[in-house]
Amino acid sequence: MKRFLYILAIAVSMQQISAQELYMPRNIKKAYEKGTRDASGAPGKNYWQNKGIYNVEVKVDAGTKTVSGKETITYTNNSPDALQELAIRFVNNLHKPQSPRSGFVSKDFLTSGLHIKSFIVNGEKYQVNSDDWGTVEKVKLNKILKAGAKAEVKIEWEYPLSVQSGREGQIDPETFYVAYSFPRISVYDDYNGWDMLPHSDRQEFYNDFNDYSFAISAPKNFVVWATGDFLNPDAVLQPEYLKRYKSSLKSDKVIHIASEQEMRSGKVTKQNKWNTWKFRANHITDFCFAMSNHYVWDASSVQLKTKRASVQAGYKSGAKDFEHYVDWMRYNLDWFSKKWPGVEYPYNVMTAIQGYADMEYPMMINDTSIPDDLRDARLTADHEIAHTYFPFYMGINETRYAFMDEGWATTLEYLIGIDENGEAAAKEFYKNFRVKRWINDASAEQDQPVITMSTQVSGAGYGNNSYVKASLSYLALKDYLGDDLFKKALLHYMDNWNGKHPVPWDYFNSMNTGSGKNLNWFFQNWFYTNNYIDLKITGASQLNDLLTVNVDNVGGFAIPFDAVLNYEDGSVERLHFSPGLWEKNQKQTDLTVPIKKKVKSVTLDGDIFMDYTPENNTKALK
């Protein structure tokens with residue numbers, strides 16, 4: 001039996017705490033003062049964001065492993081500022097030997113990087129030396145780009161695919177994951193101006209919501225999978241495989257569009273020397289594609305509330321986990337749409353490619369094969385597809401605030417895992433894979449506040465801030481508010497910032513408004529402190545039919561927990577306490593519980609909120 005006690009838990013100090021004002025960096029505070037962001041959590045009346053319309057022609061030479069292309073960007077300056085320069089971002093310059101990186105790389109990771117052949121703004125040719133470029137560089141404009149004006153930027157470029165594949169590169173000599181593959185205009189926003197943070201291979205990405213049209217030239221027999229709507233299957237697929245592909249768009253069953261043998265036989269694609277595959281996607285933060293001449297191609301689709309979404313997988317023959325991926329992804333899209341977060345999958349397609357990254361992209365994921373552990377493999381897919389909502393639906397600045405997307409993806413992975421594997425198994429996985437490595441590591445970097453910019457936290461401290469502590473905060477808030485109010489507040493936040501760029505304070509304020517509660521005490525506790533999880537029973541006594549348990553919150557986090565009462569007659573009762581218990585006093589509390597039997601001992605059990613010193617969580621009554 002499990003009782004839920006909230007009202008009867010009496011804090012040691014009943015003194016009311018006034019609503020806390022959360023620390024806000026000066027640049028963010030200025031954005032609120034300018035009215036681009038609002039204290040309600042919504043975008044302010046003066047909110048703006050810039051936009052690019054990208055038309056890209058790209059060619060991948062499977063022999064030389066060279067990606068070359070040309071693009072036209074129509075860039076609109078919606079800001080109130082006159083821009084005297086453009087910041088150009090090319091993430092793949094991470095592979096240049098001289099680029100700063102977060103860790104050691106092999107020689108196979110290194111390349112010569114981007115080579116700009118031509119750079120033209122509004123018809124005027126610029127002389128740029130891309131040999132000196134890092135992952136983001138500024139180009140000074142000869143004529144300023146006024147507020148509200150547009151610029152036409154034309155760039156011709158090429159770069160080599162790295163032999164070592166991670167987030168992108170050569171998966172094998174005839175399979176390529178081509179991501180971050182084109183120079184783009186970096187984000188110019190209302191709180192930092194140009195985003196000039198270099199990419200280091202640890203933090204992830206921050207991009208504008210742009211419109212993309214891609215024409216991808218691939219050698220014959222290479223199939224291309226990409227972000228967005230596939231515009232010309234008739235032009236690149238032979239009749240039988242075109243028929244199978246089109247059937248998959250209406251089918252609930254997995255259709256094996258092409259086997260490895262069929263791919264290698266030359267039957268699948270049109271037998272032109274080069275085929276041009278065309279894709280389009282609007283109002284998204286990135287575009288990527290993959291290609292292979294021997295990967296198995298499976299597909300199906302799933303009926304959602306307003307549309308049927310295509311689900312596809314490309315993988316090496318014999319990869320036992322990837323043989324299930326299409327079914328798993330059909331389930332993902334339906335579950336995330338209906339349950340958590342409860343927002344319909346926003347795109348028309350989702351494609352999984354077997355690679356090495358365990359990485360998300362708009363409408364695509366690049367996952368390592370885990371053929372010997374299908375549960376782990378499925379949770380990897382769950383996590384990466386959950387990123388559809390955070391950061392892509394929301395436009396999060398992952399580079400600065402990784403907890404705004406990784407924490408949510410970890411939470412959604414856990415929640416769908418309960419449905420897939422049962423609550424006990426999901427909790428065990430979450431504790432073993434997520435929580436233990438953090439809570440058992442007492443080093444200083446583990447206790448840095450979650451609000452700390454992600455670029456300022458390294459090693460395991462970065463990962464645990466971004467994934468573990470953030471996820472636990474969201475689950476603690478869910479416990480505190482209850483599922484219905486938590487979902488109402490979460491959807492309010494998502495509605496506010498879908499297609500825009502939220503910062504943490506927009507999340508805090510949106511959740512306050514959406515829940516109708518001032519949660520600043522909770523956000524202060526979880527995001528701004530050096531807290532960890534460590535409860536301690538300092539005393540326990542029973543006087544007739546009243547049990548009193550004295551609890552110190554040594555670690556400081558406002559967590560939910562169960563008090564497990566072991567009675568002398570051998571029976572056991574669990575009492576649940578929500579994080580609201582800590583609102584008035586986050587250091588200690590007295591649990592006062594009415595009982596009818598003699599208590600032998602009391603144990604505090606945080607379950608997934610694992611305790612740093614569990615040995616002092618049990619007290620025997622004298």
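This structure is a prediction, so every number in the text was calculated from the model and none was measured.
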Visitor: Apply side chain to side chain contact (heavy atoms under 4.5 Å, CB included) to Asp605 and Arg574, showing your working.
Guide: CA-CA 9 Å; Asp605 180 10; Arg574 300 181 76 94; 2.5 Å; yes

Visitor: Apply side chain to side chain donor-acceptor pair (under 3.5 Å) to Ser471 and Tyr430, showing your working.
Guide: CA-CA 10 Å; Ser471 175; Tyr430 186 85; 2.8 Å; yes

Visitor: Donor-acceptor pair, Thr513 side chain versus Ser40 backbone, under 3.5 Å?
Guide: yes

Visitor: Just do the ring pair (Phe, Tyr, Trp, His ring centres under 6.0 Å) check on Tyr347 and Phe392 with the steps written out, would you?
Guide: CA-CA 11 Å; Tyr347 309 121; Phe392 302 133; 7.7 Å; no

Visitor: Quick one: are Lys51 and Asp211 in side-chain contact, heavy atoms under 4.5 Å?
Guide: yes

Visitor: When you compare the side chain of Gln586 with that of Trp521, does any pair of heavy atoms fall below 4.5 Å?
Guide: yes

Visitor: So that I can tick it off, tell me whether Asp441 and Arg437 are bridged by a salt bridge, with the cut-off set at under 4.0 angstrom between side-chain N and carboxylate O.
Guide: no

Visitor: Thr380 vs Asp367, test: side chain to side chain donor-acceptor pair (under 3.5 Å). Steps then yes/no.
Guide: CA-CA 7 Å; Thr380 299; Asp367 280 0; 5.7 Å; no

Visitor: What's the separation between atom CG in Leu145 and atom OG in Ser79, rounded to the nearest 0.5 Å?
Guide: 8.0 Å

Visitor: Testing the 3.5 Å rule here: is there a donor-acceptor pair between the side chains of Asp208 and Tyr75?
Guide: no

Visitor: Hey, are Asn550 and Asp590 close enough side-chain-wise for a donor-acceptor pair under 3.5 Å?
Guide: yes

Visitor: Between Asp358 and Glu384, does a side chain to side chain contact (heavy atoms under 4.5 Å, CB included) hold up when you go through it step by step?
Guide: CA-CA 7 Å; Asp358 298 339; Glu384 305 312 337; 3.9 Å; yes

Visitor: Please, which pairs that meet salt bridge (Lys or Arg N to Asp or Glu O under 4.0 Å) have at least one residue in residues 184-203, sequence neighbours excluded?
Guide: Arg37-Asp190, Arg89-Asp195, Arg167-Asp201, Arg184-Asp286

Visitor: Could you give the distance from CG (Leu535) to CD1 (Ile559), rounded to the nearest 0.5 Å?
Guide: 4.0 Å

Visitor: Using a strict cut-off of less than 4.0 Å between a Lys/Arg side-chain nitrogen and an Asp/Glu carboxylate oxygen, indicate whether Lys478 and Asp483 qualify as a salt bridge.
Guide: yes

Visitor: Do you know which of Thr285, Asn207, Ile396 makes side-chain contact (heavy atoms from CB on, under 4.5 Å) with Pro391?
Guide: Ile396

Visitor: Between Leu485 and Ser515, what is the shortest heavy-atom contact and its length?
Guide: CD1-O, 3.6 Å

Visitor: Check whether any side-chain N or O of Asp534 sits under 3.5 Å from a backbone N or O of Gly555 as a donor-acceptor pair, and report yes or no.
Guide: no

Visitor: Is there side-chain contact between Tyr462 and Ser454, with at least one heavy-atom pair below 4.5 Å?
Guide: yes

Visitor: So if I apply the ring pair (Phe, Tyr, Trp, His ring centres under 6.0 Å) rule between His501 and each of Tyr393, Phe209, Tyr401, which one comes out positive?
Guide: Phe209

Visitor: Counting distance only, does the side-chain N/O of Asn77 pair as donor-acceptor with the main-chain N or O of Asp81 below 3.5 Å?
Guide: yes

Visitor: How far does CZ of Arg101 sit from OG1 of Thr135, to the nearest 0.5 angstrom?
Guide: 11.0 Å

Visitor: Salt bridge or not between Asp607 and Lys431? Use side-chain N to carboxylate O under 4.0 Å.
Guide: yes

Visitor: With a 6.0 Å cut-off on the ring centroids, do Phe557 and Phe609 count as close?
Guide: no

Visitor: Ignoring hydrogens, what is the shortest heavy-atom contact between Thr399 and Glu204? Give both atom names and the distance.
Guide: OG1-O, 2.9 Å

Visitor: Just wondering, do Leu546 and Thr592 contact through their side chains at under 4.5 Å, heavy atoms?
Guide: yes

Visitor: Take Asp419 and Leu415 through the side chain to side chain contact (heavy atoms under 4.5 Å, CB included) test and state the conclusion after the steps.
Guide: CA-CA 7 Å; Asp419 193 71; Leu415 294 174; over 6 Å; no

Visitor: Do Lys517 and Glu583 meet the salt-bridge criterion of a basic N to acidic O distance under 4.0 Å?
Guide: no

Visitor: For Asp545 and Pro594, indicate whether the former's side chain and the latter's backbone hold a donor-acceptor pair under 3.5 Å.
Guide: no

Visitor: Looking at Tyr331, is Arg378 sitting on its ring face, NZ or CZ under 6.0 Å from the six-membered ring centre and within 45 degrees of the normal?
Guide: yes

Visitor: Determine the minimum heavy-atom distance between Asn617 and Thr613, stating which atoms define it.
Guide: OD1-O, 3.6 Å

Visitor: Could you grab the distance from atom CG of Leu379 to atom CG of Asn421, nearest 0.5 Å is fine?
Guide: 5.5 Å

Visitor: Please find the pair of heavy atoms, one from Ser186 and one from Trp194, that lie closest to each other, and give the distance.
Guide: O-CZ3, 3.2 Å

Visitor: With sequence neighbours left out, write down each residue that passes side chain to side chain donor-acceptor pair (under 3.5 Å) with Asp495, or none if nothing qualifies.
Guide: none

Visitor: Determine whether a donor-acceptor pair (N or O, by modelled atom type, separation under 3.5 Å) exists between the side chain of Asp382 and the backbone of Glu413.
Guide: no

Visitor: Does the side chain of Asn192 come under 3.5 Å of the side chain of Tyr206 through a donor N or O and an acceptor N or O?
Guide: no

Visitor: Would the distance check show the side chain of Gln542 and the main-chain N or O of Asn544 forming a donor-acceptor pair, the cut-off being under 3.5 Å?
Guide: yes

Visitor: Please say whether more than 12 non-hydrogen atoms of neighbouring residues, nucleotides or ligands are located less than 6.0 Å from CG in Asp484.
Guide: no

Visitor: Only one of Leu477, Asn512, Leu481 passes side-chain contact (heavy atoms from CB on, under 4.5 Å) with Phe522; say which it is.
Guide: Leu477

Visitor: Is there a donor-acceptor pair under 3.5 Å between the side chain of Tyr389 and the backbone N or O of Val343?
Guide: yes

Visitor: Give, for atom CG of Asp38 and atom NZ of Lys45, the distance between the pair rounded to the nearest 0.5 Å.
Guide: 8.0 Å

Visitor: Side chain to side chain contact (heavy atoms under 4.5 Å, CB included) for Met350 and Asn332? Distances and angles first, verdict last.
Guide: CA-CA 10 Å; Met350 169 56 72; Asn332 279 131; over 6 Å; no

Visitor: Just by distance, do the side chain of Ser337 and the backbone of Tyr345 share a donor-acceptor pair under 3.5 Å?
Guide: yes

Visitor: For Asn78, does its backbone N or O pair with a side-chain atom of Thr76 as donor and acceptor, under 3.5 Å?
Guide: no

Visitor: With the side chain counted from C-beta on, respond yes when Asp506 and Lys500 share a heavy-atom pair under 4.5 Å apart, and no when they do not.
Guide: no

Visitor: Test side chain to side chain donor-acceptor pair (under 3.5 Å) on Tyr532 and Gln446; report intermediate values, then the result.
Guide: CA-CA 9 Å; Tyr532 55 101; Gln446 300 297 0; over 6 Å; no

Visitor: Do Trp497 and Tyr47 have ring centres separated by under 6.0 Å?
Guide: yes

Visitor: Less than 3.5 Å apart, any donor N or O on the side chain of Glu406 or His383 sitting next to an acceptor on the other?
Guide: yes

Visitor: Honestly, is Lys487 close enough over Trp340, meaning NZ or CZ under 6.0 Å from the six-membered ring centre and within 45° of the axis?
Guide: yes

Visitor: One thing to verify: whether Lys305 and Glu344 come together as a salt bridge, which I'm taking to mean a side-chain N less than 4.0 angstrom from a carboxylate O.
Guide: no

Visitor: Between Trp526 and Tyr507 (judged by ring centroids, cut-off 6.0 Å), do the two rings come close enough to count as a pair?
Guide: no

Visitor: Starting at CD of Glu420, measure out to CH2 of Trp335 and round the result to the nearest 0.5 Å.
Guide: 8.0 Å

